[in-house]
Amino acid sequence: MKKTLYGVFVISLVFLLEGCTSSVQKKLDSFIGMNILDVQKDLGYMFQTKQLSDGNTAYIWTRSGSRGYISGGMGGFKSTHCEIAFVTNSTGKIISNQFSDSHPDALNCYRLLK
């Protein structure tokens with residue numbers, strides 16, 4: 001019985017975490033076609049811009065951090081990193097996006113977009 005409950009817990013956790021990745025992409029995709037100023041209102045004004053060779057502009061938000069932890073009498077540090085990029089055309093209209101996250105299930109970016 002205990003093994004069955006553990007199995008159900010693990011499977012539920014996997015589905016929950018996979019949902020974070022799709023939630024991040026869904027939120028980012030909701031900005032397609034909007035002006036970059038709308039994203040700036042949501043994510044803030046701490047970003048970098050990069051002029052692309054095709055004339056478009058990339059806007060990049062990066063959030064990183066680290067924290068210490070103690071577990072079972074042992075300690076360590078955990079680093080977090082989330083990078084979100086939007087590409088805009090010459091009028092500031094968002095035409096694409098992408099993100100990368102140090103957590104395999106995109107929890108860092110998920111927290112940033114909440």
Side-chain angles (χ1 to χ4, degrees):
M1 178 71 173
K2 191 174 183 179
K3 285 183 181 181
T4 303
L5 288 176
Y6 179 74
V8 169
F9 172 75
V10 169
I11 290 170
S12 299
L13 185 60
V14 167
F15 283 117
L16 173 69
L17 294 176
E18 285 180 2
C20 291
T21 301
S22 64
S23 293
V24 169
Q25 191 61 58
K26 190 179 210 177
K27 173 71 173 179
L28 296 180
D29 288 346
S30 72
F31 288 107
I32 298 287
M34 297 172 76
N35 192 287
I36 192 64
L37 296 174
D38 296 319
V39 175
Q40 292 171 357
K41 290 175 188 172
D42 257 17
L43 297 182
Y45 299 94
M46 297 293 294
F47 57 88
Q48 297 176 342
T49 59
K50 190 178 285 187
Q51 196 63 38
L52 304 176
S53 61
D54 60 4
N56 295 327
T57 304
Y59 292 80
I60 305 159
W61 282 261
T62 304
R63 301 293 189 273
S64 297
S66 63
R67 61 183 100 145
Y69 65 91
I70 298 176
S71 177
M74 301 198 51
F77 285 95
K78 180 179 181 178
S79 295
T80 61
H81 182 81
C82 169
E83 186 173 284
I84 295 174
F86 290 94
V87 175
T88 64
N89 63 16
S90 60
T91 66
K93 182 178 175 182
I94 297 169
I95 57 174
S96 68
N97 64 62
Q98 73 177 58
F99 74 96
S100 66
D101 197 318
S102 62
H103 193 282
D105 298 309
L107 285 178
N108 302 312
C109 289
Y110 180 76
R111 289 182 188 121
L112 177 64
L113 292 170
K114 278 183 90 179

- Message: Please evaluate residues Tyr59 and Phe47 with respect to the criterion ring pair (Phe, Tyr, Trp, His ring centres under 6.0 Å), reporting the C-alpha separation (whole Å), side-chain torsions for both, the decisive distance (0.1 Å), and the verdict.
- Response: CA-CA 7 Å; Tyr59 292 80; Phe47 57 88; 5.6 Å; yes
- Let me see the working for Phe99 and Val24 under side chain to side chain contact (heavy atoms under 4.5 Å, CB included), right down to the final yes or no. CA-CA 8 Å; Phe99 74 96; Val24 169; 3.6 Å; yes
- Message: Please check this pair: side chain of Trp61 against backbone of Gln40, looking for a donor-acceptor N/O pair closer than 3.5 Å.
- Response: no
Are the side chains of [X] and [Y] in touch, meaning some heavy atoms are under 4.5 Å apart?
X	Y	value
Ile94	Asn35	no
Arg111	Thr80	no
Leu113	Leu28	yes
Phe86	Ile36	yes

- Message: Suppose the criterion is salt bridge (charged side-chain N to carboxylate O under 4.0 Å, His left out): which pairs have a residue in residues 42-58, not counting sequence neighbours?
- Response: Lys27-Asp42
- Message: Considering only residues two or more places apart or on different chains, which pairs with a residue in residues 81-90 satisfy side chain to side chain donor-acceptor pair (under 3.5 Å)?
- Response: Ser64-His81, Asn89-Thr91
- Task: Apply side-chain hydrogen bond (donor to acceptor under 3.5 Å, both in side chains) to Ser96 and list each qualifying residue two or more places apart in sequence or on a separate chain.
- Result: none
- Item | All side-chain hydrogen bond (donor to acceptor under 3.5 Å, both in side chains) counterparts of Ser102, not counting sequence neighbours | Asn108
- Should Met34 and Tyr45 be counted in the same cluster of Ile, Leu, Val, Met, Phe, Trp and Tyr side chains packed under 4.5 Å apart? yes
- Going only through I, L, V, M, F, W and Y residues with side-chain contacts under 4.5 Å, is there a path from Ile84 to Ile60? no
- Message: Distance alone, cut at 3.5 Å: any donor-acceptor contact between the side chains of Gln51 and Asn56?
- Response: no
- Item | Set of residues satisfying salt bridge (charged side-chain N to carboxylate O under 4.0 Å, His left out) with respect to Asp38, sequence neighbours excluded | none
- Kindly indicate, with the supporting measurements, whether the criterion side chain to side chain contact (heavy atoms under 4.5 Å, CB included) is fulfilled by Ile32 and Lys93. CA-CA 8 Å; Ile32 298 287; Lys93 182 178 175 182; over 6 Å; no
- Query: Rounded to the nearest 0.5 Å, what separation is found between the CG atom of Leu43 and the CG atom of Leu112?
  - Reply: 5.5 Å
- Between Arg63 and Met46, which heavy-atom pair has the shortest distance, and what is it? NH1-O, 3.6 Å
- Note on the structure: All heavy atoms of Leu107 vs all of Asp101, minimum pair found to be N-OD2, 3.6 Å
- Message: Assess the residue pair Leu52 and Val87 against the criterion (side chain to side chain contact (heavy atoms under 4.5 Å, CB included)); give the C-alpha distance rounded to whole Å, side-chain angles, the decisive distance to 0.1 Å, and a yes or no.
- Response: CA-CA 9 Å; Leu52 304 176; Val87 175; 3.9 Å; yes
- Task: Sequence neighbours left out, what pairs pass disulfide (SG to SG under 2.5 Å) with at least one residue falling in residues 70-114?
- Result: Cys82-Cys109
